[in-house]
Amino acid sequence: MRRAGTCLILYSLLSPPVLAQAGSFAVDSCEAVVAADVNNDGKTDLLCPYDYGNAKTRTFVQLSGGTTSSAWTPWSPDHGAGSFAVGSCRDIVAGDVNGDGKTDLLCPYDYGNAKTRTFVQLSGGTTSSAWTPWSPDHGAGSFAVGSCRDIVAGDVNGDGKTDLLCPYDYGNAKTRTFVQLSGGSTSSEWTPWSPDHGAGSFAVVYDAQYPRIVAGELVHYKTTLLITSVQGSRLVCYRSSDSRDTDSIN
């Protein structure tokens, strides 16, 4: 399982954990483990996009019942061998992309050669869709999603639908943040969101002490993108406006 530096700690105050029998579910084959309320019942569930290898995948869910959860249960349709290489997702993040109150999964897919497209699994409350194209196709040479330091889900314009953010690392301490805005049924392509930080101005690098770029609501209802400086000793905050972030706080 990827997502180095992200810890998921599960425990129950009401009952002891239920242990799966040997050989029943290889949780290490989950490409990610994502917390999400998939059926809009107010309780957080777990999602596992399972990688069988050979471009075969299926998403499983553990539904919360409030005191315990279900076993790992099929959630999405089965993608047979050769149909979808979930390991090529730059990241797998959760968000409500169409504003229906149920959490969906997003995969910015990296084909290599600076070619990418974002796919979605839309929650229907009891099952999800297959991996379905969500964004326009960025053809070869157009957008290297592997240069995103992270993929962050958040509602940047306060319309109730989850967007995607990519702090893009050009190298040489040059960066700019890009966004995919959700329109409810599809998203935009990767579009500039922040001002351009020219060479030598800001190194948006991976730091093992601060491995994640996070989104949160700091000002009114709009998502704010937070990233740590390269020194790891201060927090830099970009406030989101309706069109792009406009200022920073050191």
Measuring from atom OG1 of Thr44 to atom CG of Leu63, what distance do you get when rounded to the nearest 0.5 angstrom? 11.5 Å
Working note: Glu31 + Ile92, criterion side chain to side chain contact (heavy atoms under 4.5 Å, CB included); need CA distance, chi angles, decisive distance, verdict. CA-CA 8 Å; Glu31 186 61 23; Ile92 296 175; 3.9 Å; yes
Are any of the side-chain heavy atoms of Val38 and Lys102 separated by less than 4.5 Å? no
Quick one: does any side-chain atom of Ser29 pair with a main-chain N or O of Val27 as donor and acceptor, under 3.5 Å? no
Report the distance from atom OG of Ser201 to atom CG of Asp196, rounding to the nearest 0.5 Å. 7.5 Å
Sidechain-backbone polar pair: Asn113 side chain, Lys115 backbone, donor-acceptor under 3.5 Å: no
With a 4.5 Å cut-off on side-chain heavy atoms, are Leu46 and Val34 touching? no
Does Arg149 reach the main-chain N or O of Asp169 with its side chain, forming a donor-acceptor pair under 3.5 Å? no
Using distance alone, with no hydrogens and no angle criterion, decide if Thr118 and Gln180 have a side-chain donor and acceptor under 3.5 Å apart. yes
Pro49 side chain reached by Trp75 side chain, heavy atoms, under 4.5 Å: no
Sub-3.5 Å donor-acceptor pair from the side chain of Thr73 to the main-chain atoms of Ala71, do we have one? yes
Give a yes or no answer on whether the side chain of Asp45 reaches the backbone of Ser64 with a donor-acceptor pair at less than 3.5 Å. yes
Aromatic contact between Phe25 and Trp72, with the criterion being ring centroids under 6.0 Å apart: yes or no? yes
Student check: side-chain heavy atoms of Thr191 and Phe178 closer than 4.5 Å: no
Flag, side chain of Asp96 to backbone of Gly101, donor-acceptor distance under 3.5 Å: yes
Note, Arg117 side chain near Pro136 side chain (heavy atom, < 4.5 Å): no
Does a side-chain heavy-atom distance below 4.5 Å link Ser135 with Trp190? no
Between SG of Cys107 and CG of Asp91, what distance do you get to the nearest 0.5 Å? 9.0 Å
Counting distance only, does the side-chain N/O of Thr175 pair as donor-acceptor with the main-chain N or O of Tyr168 below 3.5 Å? yes
4.5 Å side-chain heavy-atom contact, Val93 and Val152: no
Let's go through Val179 and Val156 carefully: what are the C-alpha distance in whole Å and the side-chain angles of both, what is the deciding distance for side chain to side chain contact (heavy atoms under 4.5 Å, CB included) to 0.1 Å, and is it a yes or a no? CA-CA 9 Å; Val179 69; Val156 299; 4.2 Å; yes
